[in-house]
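Heads up: the structure comes next, in structure tokens.
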Amino acid sequence: MTADHARRVPSRQLIGVADPAALATTAAERLISRISANSGRVAICLTGGSSPKLLYELLATSSYRSRIPWGRVHWFIGDERFVSPDDPLNNMGMARAAFLDRCAPAEAVHPIPTATADPTDPDRSAALYEGELKSFYGEDALDPARALFDLVLMGVGPDGHTASLFPGYPALDETTRWVVGVPKANVEPFVPRVTLTLSTLASCREMLFAVAGTGKRPILTRVLAGENLPAARAMSTGDTVWLVDRAALPEDFRG
Ligand code: 6PG
């Protein structure tokens, strides 16, 4: 570990943008810079929910599509609703429809397998995905000096959850497993989930939250006030950036 690593205290950077369109272009530019910063194999961890859809669609447009070296970028997902891959609720299904199916080679897309033998057992699916992540990383333990992901995209829910890490759930304190099953969600859709743990998500060069709309302002106010919520606990071992549009930004943080 370098002296720089040892001294590093996790902190988050807050970036305000005008609206959801500016949020999508700023996120797309950050994604491109993270890809450019790594001349080898790149790993991006996508997020679900409705917030990232605009960004995903933007990546498929000719101006962005031509700037991404698709052959060396691998796409993972931070959490999944435990429904079949073609269910409209499936997070990777949304990302596939928005851009991956048109742009990325099939072998570079790494969905959480939900079509497992037991449709009531998200733990089995979690174990399979953990195996896939470990094999991609090439080690069974995460090294703080070598990030698993170049970029992890994140969202925040109304109760302060992020990925499928809900307030007060045991999955939040899991430090051994990389991926866990969550039998019951705290918010809609009320389907079981599979989620990467905080320490797995943390293993990245950049963790990028994207938050837009007045509906997010109350929860963002609580996160920025330092409440002990999953989204506030999610921090990268590298940079943690919150990209927030004007409508979501609490009064105190407006310029
Ligand atoms: C999910 C997510 C979840 C999401 C937030 C925000 O499967 O629902 O991955 O963590 O990012 O709930 O969702 P919205 O973008 O829809 O507000």
Side-chain angles (χ1 to χ4, degrees), residues 17 19-21 23-24 26-27 31 44-58 75-100 110-114 122 125-126 129 149 151-169 171-172 174 179-198 200-202 204 207-223 229-236 240-245 247-249:
V17 293
D19 53 28
L23 194 90
T26 310
L31 183 140
I44 309 276
C45 185
L46 300 171
T47 183
S50 52
S51 307
K53 197 159 181 247
L54 219 52
L55 164 66
Y56 296 167
E57 287 168 350
L58 191 62
W75 307 89
F76 295 86
I77 189 100
D79 76 307
E80 191 52 272
R81 286 94 178 260
F82 201 55
V83 293
S84 76
D86 56 1
D87 188 298
L89 290 176
N90 190 280
N91 284 335
M92 192 56 116
M94 187 275 281
R96 277 186 182 284
F99 78 112
L100 292 173
H110 304 262
I112 291 177
T114 52
S125 156
Y129 206 52
F149 300 115
L151 179 71
V152 170
L153 297 173
M154 299 281 255
V156 58
D159 57 349
H161 79 261
T162 192
S164 283
L165 295 161
F166 299 102
Y169 277 41
L172 259 183
E174 175 65 50
V179 188
V180 294
V182 179
K184 198 167 166 279
N186 200 38
V187 296
E188 282 188 341
F190 293 106
V191 293
R193 311 288 186 99
V194 177
T195 188
L196 272 59
T197 57
L198 282 178
T200 311
L201 292 163
C204 59
M207 179 180 284
L208 181 64
F209 280 85
V211 186
T214 45
K216 300 278 183 188
R217 205 187 295 170
I219 192 59
L220 194 58
T221 307
R222 292 173 58 195
V223 168
L229 294 163
R233 287 176 58 182
M235 298 290 278
S236 168
T240 306
V241 179
W242 282 67
L243 207 51
V244 179
D245 86 341
L249 205 60

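Each ligand, and each atom within it, is numbered from 1 in the order the structure gives. This structure is a prediction, so every number in the text was calculated from the model and none was measured.
- Looking at heavy atoms from C-beta onward, Glu80 lies out of side-chain contact with Ser125 at the 4.5 angstrom threshold.
- Annotation: Phe99 is in aromatic contact with Trp75 [ring centroid separation under 6.0 Å].
- The closest donor-acceptor contact from the side chain of Ser164 to the backbone of Val194 lies at 3.5 Å or more, if one exists at all.
- Atom CZ of Arg233 and atom CG of Leu198 lie 5.5 Å apart (nearest 0.5 Å).
- Using cut-offs of 30° and 60° for the angle between ring planes, the His110 and Phe76 rings count as parallel.
- Checked options Val180, Thr195, Val182; the residue passing with Tyr169 is Val182 (criterion: side chain to side chain contact (heavy atoms under 4.5 Å, CB included)).
- Listed by chain and residue number, the protein contacts of ligand 1 are Thr47, Gly48, Gly49, Ser50, Ser51, Asp79, Arg81, Asn91, Gly155, Val156, Gly157, His161, Thr162, Ala163, Arg193, Lys216 (heavy atom within 4.0 angstrom).
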